[in-house]
Amino acid sequence: MELKRSFIKDLLISEETDKQVNAKGWVRTKRGNKQVAFVALNDGSTINNIQVVIDIANFDENQVKDITTGASISVNGTLVKSMGQGQNVEIQAKEILVYGTANPETYPLQKKGHTLEFLREIAHLRFRTNTFGAVFRIRHAMAFAIHKFFNDKNFYYLHTPIVTGSDAEGAGEMFRVSTLDPENPPKTEDGKIDYAEDFFGKETNLTVSGQLEAELGAMALSNVYTFGPTFRAENSNTPRHLAEFWMIEPEMAFYDINDNMDLAEEMLKYLVKYALDNCIDDLSFLEKRLLEDEKSKPQNERSEMPLIEKLQFIVDSDFVRLSYTEAIDVLKNSKPAKKGKFQFPVEWGIDLQSEHERYLVEKHYKKPVILSDYPRDIKAFYMKQNDDGKTVRAMDVLFPGIGEIIGGSQREEIYDKLSSRINEMGIPEKDMWWYLETRKFGTVPHSGFGLGFERLILFITGMSNIRDVIPFPRTPKNAEF
RNA sequence: UCCUCAGUAGCUCAGUUGGUUAGAGCACCUGACUGUUAAUCAGGGGGUCGUAGGUUCAAGUCCUACCUGGGGAGCCA
């Protein structure tokens, strides 16, 4: 009789021993001697392996030889209490089917640790390691939690376009989308490429943000959010940037900047708590990994607290809120400013540098910080202007170790003010007619923000390079897999 | 894009002021071991020293350019 396949996650907590079970998965290691072999089997359902015990006398010798690290097998056997230490239950194997072998001489994964840089070169196999298994299970849990959070609050998931003709936002360099022959594109009379001949009849690009379209949705559905891929063709080579990344962008009608900050703080705490409540095995593993990793670092480069404690701290603490202007005062009176330790001098009107943000979050407040009301001249055209004529209702959430995890604002809902700002910044108004019309017909105060999904995952997993929290990273000079 | 460090066996690394046949640990293969937990013990195979030039009697080692990766910065999420 065919046994129904059980997930290892469920077998490991099962009380029903002496029962016939089937498990399928990939071999992590095999140990043993001539009489008995111990196979650690993993199927991705949990970070933990189940031990399969093989009495070699009962099996074909060649078959046992094929069961090596990386091989895929199906095991029928008895779930029994383990005689050895280190696990509660194990499977006493009766029948084993080898689906696919993995030549030990060429299979690149070993039981001993690999560097993350090496594993990135074999991204097709790195899912099979403990670290990446944990990271991608957590990534899934966070995606699910985001939908749950918004659904429970009456937000609608809005699908904004990936291919966009709007190039007005200025969020970054864009990837062109075109079906024209790159060798011999059609030209206009003055010798320029004639995009009227292109697939969409105009220049199109991959989206840099779904915000403007999300605003349109919020002007009828009240609360919407987007959660999709976003593309930036910036030549950024850092552990915090990707050319293709996922972004969550809620947009809320009738929200002012304070409502916006409340929502951002509530959402981040909800997500961190969800991870603590649902991914504790994976988080514990990542915490140990991180501690091990940091042993080789000097004291001042190590984390202030272990991963799980850090996450709990986020859930328990109130985020510090202060205005840009107040932040500048704090920075000016800080020790590093007085001792001339900042590389970039602090002056009202500058865009804060990472060293300034890090000082505020990691040294001064030692908590997440929400900065608001930035100078108008360093922020985007759509942000609501304050009455002082100098600042706009922007807000950034800064996290320790990550920097800016959320950027958002109250939007300018007054037609004349928005229109004149668009003109001041030299954006062609004719391209923005649809955006401006929402301010003509039933405009309302509204707000929204963008959360970089991978930066959230970085924070929650404690990983340090953003290329290790997305399955197949897209970065300058790299689109392998 | 800028600054900086690195690239030596499948992996992680050592390799002295330039000097004989380039080393180690792990992995892998063979053998030993009746319950292992990164199993253990003995033996074995495995290298165009990132690529291309150059200096020198002699280059893994020095010089130049390029490629790739790490860390930092800018742009940002």
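In the text below, chain A, chain B and the rest are named by the order of the sequence lines, each starting its count at 1. Just so it is clear, the model here is predicted, and its values are computed rather than measured.
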Practice problem: Could you run through nucleotides 26-33 of chain B and give me one letter per nucleotide, 5' to 3': B if any protein heavy atom sits under 4.0 Å from the base, S if only the sugar-phosphate is that close, - if neither? | Solution: SSSS--SB

Look at [X] and [N] and indicate whether a side-chain polar atom (N or O) is within less than 4.0 Å of OP1 or OP2.
{"X": "A/R467", "N": "B/rG70", "result": "yes"}
{"X": "A/T115", "N": "B/rC11", "result": "no"}
{"X": "A/R28", "N": "B/rU37", "result": "no"}

Quiz item: A/F132 and A/F127: ring-ring contact (aromatic ring centres under 6.0 Å, His included), yes or no, with the steps?
Solution: CA-CA 5 Å; A/F132 286 97; A/F127 299 104; 7.9 Å; no

Quiz item: Taking the side chain as C-beta and beyond, is there a heavy-atom pair between A/P239 and A/I466 under 4.5 Å?
Solution: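 A side-chain contact under 4.5 Å is absent here.
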
Self-check item: Separation between the C1' atoms of B/rC33 and B/rA39, rounded to whole Å
Solution: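 One C1' to the other, the span is 11 Å.
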
Practice problem: Write out all pairs satisfying salt bridge (Lys or Arg N to Asp or Glu O under 4.0 Å) with one or both partners inside residues 32-48 of chain A, taking only residues at least two apart or from two chains. | Solution: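 Qualifying pairs: A/R5-A/D43.
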
Practice problem: Indicate the ring-plane relationship of A/F155 and A/Y255, choosing parallel, tilted or perpendicular according to the 30° and 60° boundaries. | Solution: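 Perpendicular.
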
Exercise. Please work out which of the three classes, parallel, tilted or perpendicular, describes the rings of A/F453 and A/F227, given edges at 30° and 60°.
Key: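 Aromatic pair A/F227/A/F453 classed perpendicular.
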
Quiz item: Hey, does A/Q353 reach any base, or is it just sugar-phosphate, or nothing, if we go heavy atoms under 4.0 Å?
Solution: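 Sugar-phosphate: the residue A/Q353, judged by heavy atoms under 4.0 Å, touches backbone atoms but no base.
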
Quiz item: Is A/I405 touching bases, backbone alone, or none of the nucleic acid, heavy atoms closer than 4.0 Å?
Solution: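 Sugar-phosphate contact only.
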
Quiz prompt | RNA chain B contacts among residues 125-143 of chain A, heavy-atom distance under 4.0 Å | solution =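 Output list: empty, so none.
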
Exercise. Give, ordered by number, those residues of residues 243-252 of chain A having at least one heavy-atom distance below 4.0 Å to an atom of RNA chain B; if nothing qualifies, reply none.
Key: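 Residues of residues 243-252 of chain A that come under 4.0 Å of RNA chain B are, in numerical order, A/F245, A/M247.
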
Quiz item: Under a 3.5 Å cutoff on both atom distances, Watson-Crick or G-U, what's the dot-bracket for RNA chain B ([ ] crossing, | other strand)?
Solution: (((((((..((((.....[...)))).(((((.......))))).....(((((..]....))))))))))))....

Practice problem: With sequence neighbours excluded, tell me which residues meet salt bridge (Lys or Arg N to Asp or Glu O under 4.0 Å) with A/R240. | Solution: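 Once residues adjacent in sequence are excluded, A/R240 has no partner under the salt bridge (Lys or Arg N to Asp or Glu O under 4.0 Å) criterion.
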
